[in-house]
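Structure first, then comments.
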Amino acid sequence: MRQDDISLHVKGASKFVGDLDVPANTLYANVLTSTVANGIIISIDYSAAEACRGVHAIITHKDIPGLNEIGNIIKDEELFAVEQVHFIGMPIAAVIAETDAIARKAKNLIKVEYEELPAIFDPREAFAKNSLIAPPRIFSLGDVNAAWNECDFVIEDKVESGAQEHLYLETQSAVTIPIEERKFKVISSTQSPTAVQKTIAWILNIPMHMIEVEVLRLGGAFGGKEDQATPWAAITAVAANKIKRPVKLVLKRGEDIRQTGKRHPYSSDYKIGLKKDGTILGYEVTFYQNAGASADLSTAILERTLFHTTNSYFIPNVKATAVSCKTNLTPNTAYRGFGGPQAMFVLQSAIDKAADVTGLPVEDIQRKNLIKKNDTFPYGMRVMDNHAIACWDRGVELYHYGSIKKSAEKYNKISHYIKKGVSIQPVCFGISFTSTFLNQASALVHVYNDGSVLISTGAVEMGQGVNEKIKRVAANVFSLPMEMIKLDYTNTTRNANTSPTAASSGADMNGNAAKLACEEIAARLLKFAGKKLSSAYEDEVSLKNGKVFLNETETELTWKDLILSAYFERINLSAHAHYSTPNIFFDKKTEKGNAFAYHVTGTAITEVTVDCLRGTYQIDKVSIVHDYGVSLNEKIDLGQVEGALAQGIGWMTMEEILHNDKGRLTTDTLSAYKVPDIHSAPKEINVDFYNNPENSAGPFNSKAIGEPPFMYGIGTYFAILNAMKSFNPKMDFIYKAPMTPEKVLMSLLKSGGEK
Amino acid sequence: MIKFILNNVVTTTEKSEGYRVLDFIRHDLNLTGTKESCREGDCGACLVLQGRLRNNQIYYRSVTSCLMLLGEIADSHIITIEGINENELNPIQQSAVDQNASQCGYCTPGILLSITGYLLTCKDFTYEGIIKALDGNICRCTGYASIKRVAQDLVDYVGDRVDELLNAENRVAKLVEWKLLPGYMTEIKEKLIDLEAALPPIKIMEGQRPVAGGTDLVVQRDEEVEDYDLYFVNRSQSKSKIKLECGKIYIDASATVTDIYESNILKAYFPEIERKFHLISSTPIRNMATLAGNFVNASPIGDLSIFFLVLDAELVLTLDGEESTVLFKDFFINYKIIALQEGELLKGMYIPLPSQNLKMNFEKVSKREHLDIASVNTAMAIETEDNIITKIELAAGGVAAVPKYLPAAGALAIGKTINNKTVYEIAESCVKEVTPISDMRGSAEYKKTLLKNLVIAHFIELFPEFVSAEELV
Ligand SMILES: Cc1cc2nc3c(=O)[nH]c(=O)nc-3n(C[C@H](O)[C@H](O)[C@H](O)COP(=O)(O)OP(=O)(O)OC[C@H]3O[C@@H](n4cnc5c(N)ncnc54)[C@H](O)[C@@H]3O)c2cc1C
Ligand code: FES
Ligand code: FES
């Protein structure tokens, strides 16, 4: 019977941290967090909590033997607040008790007194007050100032996009089990086991080799468990270190939403210049990123915003400035697309407005300015192919974009307040970590002497199907059925110094590492088989469908026999391999370089229906042409496109994060924060695989898939906007996401809208 | 002691009646296929099926175990994901694997149980029906497309045997025969009959807190509910929840939203009720949430409250065996203050049989169309003669401290001809009667605008021939 993740999922047999059998003496943690956005802690009264039956300890920064620090890129974030709190939800202490419920009840009895300080929530205000995470960065190409003179139209505006809650269904969770003295095993729901290991090491002041971090799988992550799984694991480790008993922490949904960061909201100013024929000559943009109270991954995310400033378009003169603004919100963090979507939304808004001002059809401006082979990205890298145009043209033809648009126009002439809207959205996304050193991975492959294969890599399975893809890679190398291969849980003892499973690169890098390791074993086996079959040349021997072939002819020797006899011959049946992505570099001084191994491109055509009386809408159809390279598993890739699209649509439409004027999150439950359900997801999604074999950076010419399709969701915003324009062409529209039903209705009535 | 059947095992526990079924399944029984994600009924990760014996038949329904208390499952059958497993994957599970309809897997058990629940309960078997049955399940990974393909696979699997399924004398046995349910399911009825004898008679005691579906109480009192002395209203429910009585429609307080929209009596008078009530919460919540709970929790955006406010409803209350009545219009006094005394129970509601020419419409707009609380909801019941308004009742939610009955707009309209001008006046008048506040469901200004437009929508829906959208919108 199959034992892969999905076969377990459908039986309810797959386990997550919260499901694990833990030792009977396990204690439970609940975290006390700040209730003010900025303030000095004057006093804390733990007495009532300490007096609760079943409470074993309350841990604070005083129980940290090493550094009280969880910042990864910039060391600016305390695990437990010492003197001052910087956002609502910042950990101050943790109650450790017999049960989760006791810990939570006791936590509620703790009284904290603060001296409140003024707080900042708006990134522009933070910028004005010089409250920054890091100095601003600028990417530029050509000379924008010279370009404006050559333009027939120059348009300026402001664009805003909102935060987004990851809403992985499995909340943050971890358990730390003390093994012997200062040796710990941590089971964490993290995308980044090495970050958890390394952080706990400096917090407990012990070497990394004293900590084993294991990840079975994640119940969704989407970036939310890249950096922000660490504090929860660290808290269990600090507690376990102090009490010498296993400690478990599983956040409740409300705690998770309040205490973890989101996709960064951005406020941006742009200036775009075009010629009469629609050619974009210049684009100047400033991104104000709302980072929250500490750096987290904000600077890396902002860097990717800069990389994707021009999305799929070639613009000869560009100046993009990016500022990471420090505010008193929960530190924002990685989320699928990692700053890319925010950049693309600004440019699409600019092009949309340019179409209105110039009177040119928006798709003509878009098509005219798409990147071509050898065009230059603002960061100096050359465009390697014509896939952006190919996907666009294929989409237009395959899905009959012209007639879709015409029939919507025809419908809108007859229908008064129910309007149809259509949009077309290209996406171009760079693949690789933009921090070059992260582009490495390792794999450990064992062939057991019964012929079964076990692979361990640094990749974490979170539903994206990375295990199945790596299995496919190994199955290809060994020419074995998939059932013979298993992916082990991710574990820092089996694979060290791993990069987070992020940046869509999990399957690429770990797949390539696994490929190298499998090839090493295969080479040994072929050599041995050659001897055994007395063939002089090992390259005449090959593995096919579980059999050994000699000169393309099947021999009697099966995989299992081969392995067993190799074992008796004392041949090494294990291999460890390391992969580092070749030919990538980036120079931060000049802000130029070959930052990416390759790009993924595609185009989405979105059709919606808007009820302009009620302000509601429905997404009828999204039709996509997506550049997959050569897919390692079409079903997995299709699922990634469909799922990412729905999340992108959520970000653009109904997902709205709101705070009150004290900086308290008001949308901290699922009843208040809405993500797409089965009815609001697109009624129909079509995906065309644009196959192309030339990508040598992905295993077996495959391409990364996790993030790029998220940005097809941007098309929904503009499809809705187009429907609205046909109801009220004079609408004075503010480019701000999300496009909630409230935004639709109130925009339709906005000035200029007197009909 | 509480006794029930969990999958195929008779289970007893000494835990308190207010203990959560989800916690019992996961922590006490260590069956971890049932997941917790939101603990407030909004995601379906914890979804299980509950079967209850009535008239010698088991009736199943999907419920969210995070909001269900042990006292509510006494003497019933609970099916978790572990309870649908057999040696081989069943056709639905297999399709989920083949379609890659499970990515991270966290939502998967709930989704498979919703589909199974649909098979057990559906009155019609269609692709759309399966999709609707999934309206309480959030999946953050798949975008639902692969899950829809599983629904299609199931439709194909049943194929031309739909009537055979719907008309089966013993549906459970039929589903077992088709391998869609495990074999033990056919023996559950006998086991339940054996259990049922143990049910004690119950009457509300002083200091007890009534709980019906629990979908409001358990969410609001998340941490305290376990320690409450609870009175489970639904255990002493009357047999037929909706009936015709002395020229009126009687709806029992314990009728769930599902009971209401599935009632043939109500469907006959309000043909749109099923479609409109699908805008209320989700399948599992509708299966639990009751009329009484919706009224007594007095939420200003209660959908049932708004719907029935325009139907001249009268409530029947009981206190120490004494019955009294109150007009529903007079029930809501101020924010969360209602005409119900301490210890008094809501027993049921009468609505007069609607006259032949009564037309009714209900509108609800929320950030997400389904499984969301309204920004604004409104109902209108109207009678006309020769296009002249003879009677009109309007109510709106989300725009005041209580579910708001809007008498002034009604008074103004009587005797007027239905045309654009009248409609506009009524809509404007409604807006004058309300005092919304800005909150996460929208700004006050938005809610006023929306109310106006939804009142216009009532007329566009009901009188398309007399009003023109072109001029009103
Ligand atoms: C996920 C979710 C979605 C929801 N969506 C909606 C929605 O779309 N629209 C909407 O209107 N509501 C919605 N609700 C709110 C809630 O479901 C409804 O208000 C429901 O009708 C409450 O009924 P209940 O039987 O579950 O109430 P309970 O929680 O059992 O009780 C609510 C209150 O009524 C009291 N009570 C119950 N029965 C009686 C009685 N017979 N006599 C006196 N007092 C009694 C209880 O003591 C309690 O104070 C939603 C709730 C959830 C969890
Ligand atoms: S846990 Fe989300 S509905 Fe029960
Ligand atoms: S598969 Fe991850 S939530 Fe549905």
Side-chain angles (χ1 to χ4, degrees), chain A residues 5-16 18-19 104-105 167-171 217-220 252-253 416-417 462-465 612-616 635-636 639 642-643 645-647 654 656 658 666-667 669-672 674-681 685 740-742 745-746 749, chain B residues 32-40 42-43 45 80-82 85 89 93 96-97 99-100 102-109 112 131 134-135 137-138 140-147 223 363 365 367-373 375 440 442-443 445-446 449-450 453-454 456-457 460 469-470 473:
Chain A
D5 271 44
I6 195 166
S7 315
L8 299 178
H9 293 333
V10 298
K11 290 186 285 194
S14 48
K15 297 227 169 176
F16 299 84
D19 302 334
R104 185 166 290 105
K105 274 188 190 153
L167 219 108
Y168 31 69
L169 282 208
E170 177 210 24
T171 55
R217 60 175 63 75
L218 314 182
K252 291 278 172 206
R253 175 60 58 189
H416 176 60
Y417 67 92
M462 56 190 99
Q464 84 281 42
C612 299
L613 173 62
R614 296 171 179 88
T616 52
K635 275 185 187 153
I636 287 175
E642 293 163 338
L645 170 70
Q647 267 182 14
M654 65 181 71
E656 190 176 31
L658 297 169
T666 53
T667 47
T669 59
L670 261 63
S671 57
K674 308 315 280 189
V675 300
D677 65 344
I678 200 163
H679 288 295
S680 53
I685 303 174
T740 58
E742 173 170 9
L745 194 65
M746 299 315 273
L749 303 172
Chain B
T32 54
T34 309
K35 305 296 183 198
E36 171 173 330
S37 184
C38 72
R39 211 175 170 82
E40 56 164 11
D42 261 301
C43 75
T80 69
I81 184 72
E82 290 86 357
N85 288 339
L89 297 183
Q93 290 171 315
V97 171
Q99 299 292 0
N100 196 39
S102 172
Q103 291 185 15
C104 82
Y106 211 81
C107 67
T108 308
L112 296 176
I131 300 301
L134 289 166
D135 62 0
N137 296 92
I138 295 298
R140 191 56 157 163
C141 297
T142 60
Y144 306 95
S146 51
I147 295 166
E223 299 198 350
E363 294 281 336
V365 168
K367 208 175 265 179
R368 185 173 71 197
E369 189 177 12
H370 293 267
L371 184 45
D372 196 1
I373 306 292
S375 294
M440 66 202 171
S443 67
E445 193 198 353
Y446 167 58
T449 307
L450 184 55
N453 282 18
L454 293 183
I456 291 171
I460 292 178
E470 280 77 354
V473 185

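Throughout, protein chains are lettered first and strands after them, A, B, ... in sequence-line order, and every chain is numbered starting at 1.
Ranked by heavy-atom pairs under 4.5 Å with chain A, the first of B:Cys104, B:Ser375, B:Gly33 is B:Cys104. Chain B forms the most heavy-atom pairs under 4.5 Å with one residue out of A:Arg104, A:Met462, A:Glu170, A:Glu656, and that residue is A:Glu170. Listed options A:Thr667, A:Leu613, A:Leu218, A:Leu645 were ranked by heavy-atom pairs under 4.5 angstrom with chain B; first place goes to A:Leu613. Of all the listed residues (B:Ala469, B:Cys107, B:Pro109), the one sharing the greatest number of non-hydrogen pairs under 4.5 Å with chain A is B:Ala469. Taking A:Arg217, A:Met654, A:Arg614 one by one and counting their heavy-atom pairs under 4.5 Å with chain B, the maximum is reached by A:Arg614. Counting heavy-atom pairs under 4.5 Å between each of B:Gln103, B:Arg140, B:Gln99 and chain A puts B:Arg140 at the top. Ranked by heavy-atom pairs under 4.5 Å with chain B, the list A:Thr666, A:Val675, A:Thr616, A:Ile685 is led by A:Val675.
Proximity to chain B (any heavy atom under 4.5 Å) is restricted, for A:Leu745, to the side chain, taken from C-beta onward. Using a 4.5 Å cut-off between heavy atoms, B:Leu112 contacts chain A through its side chain alone, with no backbone atom that close. For B:Arg39, the part sitting under 4.5 Å from any heavy atom of chain A is the side chain, from C-beta outward, and nothing else. Contacts of B:Asn85 with chain A are made by side-chain atoms alone, with heavy-atom separations under 4.5 Å and no backbone atom involved. At a 4.5 Å heavy-atom cutoff, the contact between A:Leu658 and chain B is made by side-chain atoms alone.
Listed for the A:Glu742 side chain is a donor-acceptor partner under 3.5 Å among the backbone atoms of B:Ser443. Distance alone, capped at 3.5 Å, is enough to place a donor-acceptor pair between the B:Glu40 side chain and the A:Leu670 backbone. Not a single donor-acceptor pair under 3.5 Å links the side chain of B:Glu363 to the backbone N or O of B:Leu454.
The two residues B:Ala45 and B:Tyr106 come nearest to each other via the heavy atoms CB-O, 4.3 Å.
With a 4.5 Å cut-off on side-chain heavy atoms, B:Lys35 and A:Phe16 count as touching.
Between B:Lys367 and B:Asp372 there is no salt bridge, since no side-chain nitrogen of the basic residue lies less than 4.0 Å from a carboxylate oxygen of the acidic one. The pair B:Glu36-A:Arg253 does not meet the salt-bridge criterion, since no charged nitrogen lies less than 4.0 angstrom from a carboxylate oxygen.
Enclosure of atom CD in B:Glu369 is not indicated, since only 12 or fewer non-hydrogen atoms of other residues, nucleotides or ligands lie within 6.0 angstrom.
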